[in-house]
Amino acid sequence: MSGALRSRIIGCGSYLPQRVMSNDELSEIVETSDEWIVERTGIRQRHVAAEDEKTSDLATNAARAALAHAGIDASEVELIVVATATPDDTFPAVATQVQRKLGITHGAAFDVQAVCSGFIYALSVTDAMVRAGQAKVALVIGAETFSRILDWQDRTTCVLFGDGAGAVVLKAEPAGDIRTDRGVLASRLHSDGRYRDMLYVDGGPSSTRTTGFLRMKGREVFRHAVENLASVVGEVLNEAGFEAKDVDWVVPHQANRRILESTAKKLGLPMERVVVTVDRHANTSAASVPLALDTAVKDGRIKPGDLLMMEAMGGGFTWGGALVRWG
Ligand code: UT7
């Protein structure tokens, strides 16, 4: 292919493990209540992976659903990028195991680690590779089993997270006018490692030789999230030459309903234009943006031609946004 390219998103899919854990069930494990969790976060339930279900299984199920939605055979996929902070094993990359499970032996597969911003990072990196001509068809997946790194004695964190996966299929197409083209129109990524201690896992192969547990200073993360998300959304809009009022749907990382409300308010957008799924699956880290996207596409809210703003913020800190014209 010659000339400028654009990555069009031609399909999406998602997968949630069968087991649902309610807030009431959690209140039997730690000192908490359905009332506190709903009021402070908007979360009503989360899904938890089965003992023998790994991140690569969740990712593969989401990928299969996305390929079916796109009408693409797995053999056409030339690149698989998985965003995850909870890989099956320290190595190899989850993406290589998704590749194996899909029966693909050509092309490349690797993981991206940006915790809750992982999907935006993976989408941005894959978009750049597609536009550079490195792959004509690519799978971008966000998949997590955060239940495995939660301290189930710590009520300040264990009530907030869940397991799941979501995926999209990107296809290289000739770029035209950014005002009317479909696909990834712009993206921006940020990180600032000074905030490591606000949100981290207290273990790893090179520090403790264990997996460790998630630790978070929730209130501080909340404050930074609202600031950083509003700012990166502004940057992305600016880069693409659009305004907040042009956005049909915000498809945000689903951490806390109050973060979504505060960010929407800062952007001057009504909550009717924000996709909210945190009530159903809690914070699924890198999986939450594609889970929200798939929900709103499949229930008919997001229509071909709609302008979507995806955004996320996570451990590191990392944060980013991507502007996509759907369909
Ligand atoms: O995915 C990216 C990163 N993650 C986030 O974006 C999460 C960002 N942070 C948040 O969502 C919120 O800060 C939390 C939901 C984590 C906490 O909400 P908050 O309104 O900031 O509460 P808080 O941390 O200020 O705690 C308020 C009170 C405390 O009690 P005292 O000190 O006021 O007596 C906590 O001990 O709530 C208590 N608390 C709980 N009570 C019942 C904390 N967790 C719980 C709980 N159940 N699960």
Side-chain angles (χ1 to χ4, degrees), residues 40-43 83-86 112-125 127 140 142-144 146 149-150 156-157 159-162 164 166 184 186-201 214-239 244 247 249-267 269 271 273-278 281-293 308-324:
R40 300 290 179 122
T41 71
I43 297 165
T84 189
T86 46
V112 162
Q113 219 293 37
V115 205
C116 298
S117 316
F119 183 78
I120 305 294
Y121 267 66
L123 183 67
S124 181
V125 165
D127 170 49
V140 182
E144 304 276 17
F146 260 48
I149 55 162
L150 293 177
T156 68
T157 53
V159 305
L160 303 173
F161 296 89
V184 183
S187 66
R188 271 294 164 101
L189 304 177
H190 287 280
S191 61
D192 189 339
R194 288 176 301 170
Y195 295 103
R196 183 255 180 207
D197 292 349
M198 302 273 170
L199 178 49
Y200 65 102
V201 167
L214 183 149
R215 307 292 175 204
M216 177 166 73
K217 294 186 177 131
R219 216 175 304 179
E220 282 87 344
V221 176
F222 189 109
R223 193 168 51 79
H224 283 276
V226 176
E227 289 294 324
N228 292 340
L229 291 172
S231 130
V232 77
V233 164
E235 269 181 72
V236 174
L237 285 170
N238 206 28
E239 186 181 316
V247 173
W249 291 102
V250 182
V251 187
H253 169 48
Q254 310 281 321
N256 184 325
R257 191 183 162 93
R258 288 188 295 136
I259 295 180
L260 307 188
E261 287 166 352
S262 304
T263 313
K265 199 169 164 196
K266 258 184 173 266
L267 294 167
L269 288 170
M271 279 306 281
R273 275 154 68 185
V274 180
V275 179
V276 183
T277 54
V278 67
H281 55 66
N283 182 345
T284 56
S285 182
S288 84
V289 169
L291 269 166
L293 173 73
L308 315 182
M309 174 59 73
M310 303 177 182
E311 39 93 330
M313 143 101 190
F317 287 149
T318 56
W319 63 103
L323 190 69
V324 169

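The shown structure was predicted, so the numbers you read here are calculated from the model rather than taken from an experiment. Values reported hereafter were calculated over all heavy atoms of this structure, with side chains retained and with hydrogens, waters and symmetry mates removed.
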Quiz prompt | Derivation of the side-chain contact (heavy atoms from CB on, under 4.5 Å) call for L199 and V115 | solution = CA-CA 10 Å; L199 178 49; V115 205; 5.7 Å; no

Quiz item: When you look at T41 and V159, which way does the side-chain contact (heavy atoms from CB on, under 4.5 Å) test go after all the steps?
Solution: CA-CA 9 Å; T41 71; V159 305; 5.6 Å; no

Side-chain donor-acceptor distances from residues 249-257 under 3.5 Å, at least two apart:
residue: W249; atom: NE1; partner: R301; partner atom: O; Å: 3.2
residue: W249; atom: NE1; partner: D306; partner atom: OD2; Å: 3.4
residue: H253; atom: ND1; partner: S288; partner atom: OG; Å: 2.6
residue: H253; atom: NE2; partner: N283; partner atom: OD1; Å: 3.4
residue: Q254; atom: OE1; partner: T277; partner atom: N; Å: 2.8
residue: Q254; atom: OE1; partner: V278; partner atom: N; Å: 3.0
residue: Q254; atom: NE2; partner: P252; partner atom: O; Å: 2.9
residue: Q254; atom: NE2; partner: V275; partner atom: O; Å: 2.9
residue: N256; atom: OD1; partner: R258; partner atom: N; Å: 2.8
residue: N256; atom: ND2; partner: R40; partner atom: O; Å: 3.0
residue: R257; atom: NE; partner: E261; partner atom: OE2; Å: 2.8

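Relative orientation of the F317 and Y195 rings is parallel, given thresholds of 30° and 60° on the angle between their planes.
Considering only heavy atoms from C-beta on, L237 comes within 4.5 Å of M309 through its side chain. Using a 4.5 Å heavy-atom threshold, the side chains of M216 and L160 count as touching. Looking only at side-chain heavy atoms (C-beta outward), N228 and H190 stay at 4.5 Å or farther from each other.
For F161, the ring pair (Phe, Tyr, Trp, His ring centres under 6.0 Å) test picks out F146, with sequence neighbours left out. Shown here are the salt bridge (Lys or Arg N to Asp or Glu O under 4.0 Å) partners of K266, two or more places apart in sequence or in another chain: E227.
A83 and A122 make their closest contact through CB-CB, 4.0 Å (heavy atoms, listed as atom of the first residue, atom of the second, distance). G164 and A287 get closest at one heavy-atom pair: O-CB, 3.3 Å. Nearest heavy-atom pair, S187 versus E239, reported as atom, atom and distance to 0.1 Å: O-OE1, 3.9 Å.
When atom types are taken as modelled, the side chain of T157 and the backbone of R215 share no donor-acceptor pair closer than 3.5 angstrom. In this structure a side-chain-to-backbone donor-acceptor pair under 3.5 Å is present from E144 to T86. In this structure, the side chain of S117 engages the main chain of T318 through a donor-acceptor pair within 3.5 Å.
Here the CE-CZ distance, from M313 to F222, works out to 11.5 Å after rounding to the nearest 0.5 Å. With rounding to the nearest 0.5 Å, the separation of OH in Y121 from CH2 in W319 is 7.5 Å. One distance of note links CG of D192 with NE2 of H224; it measures 8.5 Å at 0.5 Å rounding.
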